[in-house]
Amino acid sequence: MSITPQYLEELKSRLSIADVIGRRVEWDKRKTNGAKGDYWACCPFHGEKSPSFHVEDRKGFFYCFGCHEKGDSIGFTMKMDNLAFHEAVEMLAGVAGMPLPERDAKAAQKREQRNGLIDHMEAAQRFYRAQLNSAAARDAREYLNRRGLRAETLEKFGIGFAPRGPNTLGETLKQAGAKQEELVEAGLVGLRDDGSTYDRFRERIMFPIRNPQGQVIAFGGRAMREDAQAKYLNSSETPLFSKGRVLYNHGAARSEAGKGLPLIVCEGYMDVIALAQADFSCAVAPLGTALTEDQLDLCWRMSDEPILAMDGDKAGLRAADRVARLALPKLSPGKTLRFALMPDGKDPDDIVRSAGATAMQTLLDRAEPLSEMIWRSETEGQSFDQPERRAKLNDNIRAVLGTIENIEIRNFYADHFKEKRSILFAPAKKESATFRHNTTWSGQIRPIGPTNETRRSRLAAEGAHQAREALETEILRLILGAPDKLETAIDSLSDVTFANHSLDMIRGRLISAYLDLSASDALLTPTALIEMSRMGCTPHDKERLEFIASGVDGTCTGTALEAAVERYRCIVAVESEQPDRDLNFAESGDDLAYKRVLEARKATENARQTNLYPADEDENVSVQDFIDQKIWIKTPSKRLQ
């Protein structure tokens with residue numbers, strides 16, 4: 001297509017700039033004088049309360065006195081819809097009813113052919129959309145309802161249904177004047193050896209796939225029959241559609257990205273639709289393939305830092321690593337990727353339906369940069385305790401750096417990985433005591449006084465180490481069962497460190513998730529707390545968290561949680577005090593130090609006996625239940641299904 005200055009002048013003369021912009025803004029009635037071609041509005045490119053965006057219709061240009069954006073109708077369309085120049089011209093030409101200039105007769109014929117195929121695709125879309133309301137689509141409607149899709153969402157994305165008949169669509173379109181060979185070329189029907197045709201999509205929920213201009217160019221279908229050969233089926237390659245060069249929801253996402261919203265790249269169109277329904281309108285997805293180089297380029301044209309929302313399981317991590325390495329040679333200043341890893345077995349659709357938009361936003365806010373994803377891939381789950389293993393890591397990092405073509409970015413990556421290696425290879429530091437009570441206890445000053453519920457438990461009978469781990473597990477169970485009661489104990493829990501590392505990691509995630517949920521409008525429910533807590537946990541910790549959650553019952557009360565936390569503080573206080581006194585005696589060896597050692601040992605035993613004797617039926621007995629089950633001991637047979 002060759003666009004001449006004469007063509008552009010004619011295009012602008014046919015379209016009033018006030019009409020073009022007036023479709024996107026609301027004119028200020030007080031300042032606007034339409035008779036003189038003088039229009040004012042609040043600028044669509046930056047937030048403002050007083051109108052400083054000025055359009056002079058007779059001169060054909062706009063100017064904002066706030067952000068200083070300026071231009072003509074083509075420039076406005078490019079800026080507003082995040083379009084390239086030729087795309088903006090094509091869009092405005094369509095509004096003006098002007099045919100686009102062609103290089104030659106062959107190009108004009110090809111465009112006419114494409115337009116004819118698009119007409120058939122649009123007709124098919126209307127057919128599928130109408131079929132969704134038929135009696136035959138009852139199961140499809142029930143499925144969409146179970147997936148939580150509202151009527152306005154179905155309408156927005158044009159979701160429809162392909163009936164069971166072998167040639168229902170083909171016959172309908174032929175009766176409307178479509179030629180058989182055109183329907184075959186568009187990928188709507190298939191051709192048998194005997195010359196007859198059949199509908200390519202049957203008994204499927206239909207998702208129209210559109211080009212950036214909003215025209216239907218292909219379809220994706222989700223099978224309703226369990227015995228279908230393919231659960232999801234996309235249109236075959238056609239003159240309109242090449243699945244490796246098209247993104248689902250491209251046009252709408254491009255427009256939203258032009259407003260500054262972050263671009264989210266998902267793995268499937270159900271994720272895109274669910275996100276849009278949850279007000280994450282700037283999302284796209286590849287179509288039945290891993291993200292290709294062409295699709296990555298399309299993403300970067302829309303946004304400098306697309307966020308890839310990937311499953312957090314092994315397959316998702318492999319896919320994330322593949323995209324990360326695909327991006328490395330193409331990096332340029334300001335152009336990169338971020339990765340938001342979903343919890344194991346979850347996708348964005350699952351997250352927004354089970355935990356809400358707040359949980360999804362939290363994952364997006366915590367998205368990892370590309371450099372961290374590469375480092376994770378090279379180091380996670382590996383040991384570097386031997387020189388040969390460290391040398392191998394260095395070789396791998398050098399190979400990664402060699403794929404980055406931009407020299408400046410390569411140097412920054414080299415510095416980043418050098419810093420990461422220095423931390424990874426640094427000698428391990430000795431850990432300090434896990435907990436110190438705020439007050440010193442020399443025998444005269446007692447620890448925090450126990451309540452009635454803290455005085456009675458059978459934990460002591462199991463031994464100090466087992467009792468402590470059991471109580472840690474019990475505290476986590478009580479939090480999961482009564483998250484709304486955590487406020488009274490959060491300060492105490494934030495100060496302690498659990499002896500069991502895995503349980504301590506879960507403790508930290510629960511507190512972080514509680515604070516995030518409390519700061520949002522989301523409901524503080526056990527399900528929401530569990531879903532958000534799983535984010536960022538290792539697979540081992542997630543399994544343990546889910547196993548603990550399986551024991552949640554009616555005993556999870558605020559009183560029980562406070563009692564368990566107080567018991568834990570007493571245990572840790574006396575256990576951390578005695579080693580200090582033993583050390584003091586070993587260093588000084590005097591009679592006073594020896595006396596304090598004896599006092600500390602006696603106080604430790606007294607604390608266990610007076611604070612931790614068997615509970616009666618009127619007080620909290622949930623700790624004993626956990627001891628009997630030994631739930632804190634991980635066994636394959638107890639794995640959460």
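In what follows, residues are counted from 1 in the order of the sequence shown.
Take K335 and apply the side chain to side chain donor-acceptor pair (under 3.5 Å) test, not counting sequence neighbours, and it matches D304. Under the side chain to side chain donor-acceptor pair (under 3.5 Å) criterion, R325 pairs with D321, S377, E378, not counting sequence neighbours. For Y413, the ring-ring contact (aromatic ring centres under 6.0 Å, His included) criterion is met by F417, not counting sequence neighbours. Listed by chain and residue number, nothing satisfies the salt bridge (charged side-chain N to carboxylate O under 4.0 Å, His left out) test with K485 (two or more places apart in sequence, or in another chain).
Contact annotation: the side chain of T525 never approaches that of L529 to less than 4.5 Å [non-hydrogen atoms, C-beta and beyond]. Here the side chains of R544 and I506 are in contact, with some heavy-atom distance below 4.5 Å. Side-chain atoms of P306 and W300, non-hydrogen and from C-beta on, do get closer than 4.5 Å to each other. Two residues are said to be in side-chain contact when any heavy atoms from C-beta on lie closer than 4.5 Å; L149 and F157 fail this criterion. With contacts defined as side-chain heavy-atom distances shorter than 4.5 Å, the pair N249/C282 does not qualify. Taking 4.5 Å as the limit, some side-chain heavy atom of I351 sits within range of a side-chain heavy atom of P343. At a threshold of 4.5 Å between non-hydrogen side-chain atoms, the residues L424 and L393 count as touching. Residues E372 and H416 have side chains in contact (heavy-atom distance under 4.5 Å, counting atoms from C-beta outward).
We find that D395 and K392 are not joined by a salt bridge, their nearest charged nitrogen and carboxylate oxygen being 4.0 Å or further apart.
Closest non-hydrogen pair, P526 versus G481, comes out as CG-O, 4.3 Å. Summarising the geometry of S281 relative to L261, their closest heavy-atom pair is OG-CD1, 3.8 Å, with the distance given to 0.1 Å. Across L370 and A327, no two heavy atoms sit closer than the pair CD2-CB, 4.4 Å. Here the closest non-hydrogen pair linking Q277 and G148 is NE2-O, 2.7 Å. Considering every non-hydrogen atom in both M302 and A253, the closest pair reads SD-C, 4.2 Å. Annotation for I307 and A367: closest pair CG2-CB, 4.0 Å, computed over non-hydrogen atoms.
Residue M224 places its CE atom among more than 12 non-hydrogen atoms of other residues, nucleotides or ligands, all under 6.0 Å distant. More than 12 heavy atoms of other residues, nucleotides or ligands shown are found within 6.0 angstrom of CZ on F425.
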Quiz item: Can you check side-chain contact (heavy atoms from CB on, under 4.5 Å) on N500 and D504, steps first, answer last?
Solution: CA-CA 6 Å; N500 182 283; D504 189 60; over 6 Å; no
Practice problem: Applying side-chain contact (heavy atoms from CB on, under 4.5 Å), run through L510 and L486 and close with a yes or a no. | Solution: CA-CA 10 Å; L510 286 174; L486 181 55; 5.7 Å; no
Self-check item: Pair R318-K314, side-chain contact (heavy atoms from CB on, under 4.5 Å): steps then yes or no
Solution: CA-CA 6 Å; R318 285 196 299 270; K314 291 182 179 179; 3.8 Å; yes
Exercise. For the pair L291 and R322, evaluate side-chain contact (heavy atoms from CB on, under 4.5 Å) and give the outcome as yes or no after the intermediate values.
Key: CA-CA 9 Å; L291 196 70; R322 194 199 68 81; 4.1 Å; yes
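The CG atom of D365 sits 10.0 Å away from atom CE of M360, with the distance rounded to the nearest 0.5 Å. Between the CZ atom of R507 and the CD1 atom of I479 there is a distance of 9.0 Å, given to the nearest 0.5 Å. The line from CG of L317 to CE of M373 is 6.5 Å long, rounded to the nearest 0.5 Å. Atom CG of L480 and atom CD of E546 lie 11.0 Å apart (nearest 0.5 Å). If you take CG on L331 and CG on L337, they are separated by 7.5 Å, rounding to the nearest 0.5 Å. We find the CZ-CG distance between R338 and L364 to be 8.0 Å, quoted to the nearest 0.5 Å.
Between F498 and Y568, a ring centre-to-centre spacing shorter than 6.0 Å is recorded.
No donor-acceptor pair under 3.5 Å is formed between the side chain of D415 and the backbone N or O of F412.
Residue pairs that meet the salt bridge (Lys or Arg N to Asp or Glu O under 4.0 Å) test with at least one member in residues 382-391, sequence neighbours left out, are D385-R389.
No cation-pi contact links R376 to F339, judged by a cut-off of 6.0 Å to the six-membered ring centre and 45° from its axis.
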For residues 262-276, please give each side-chain donor-acceptor pair under 3.5 Å, one per line with the distance, not counting sequence neighbours.
from	atom 1	to	atom 2	distance (Å)
E267	OE2	D311	N	3.2
D271	OD1	D349	N	3.3

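Residues E305 and T336 bring no donor and acceptor atom of their side chains to less than 3.5 Å of each other.
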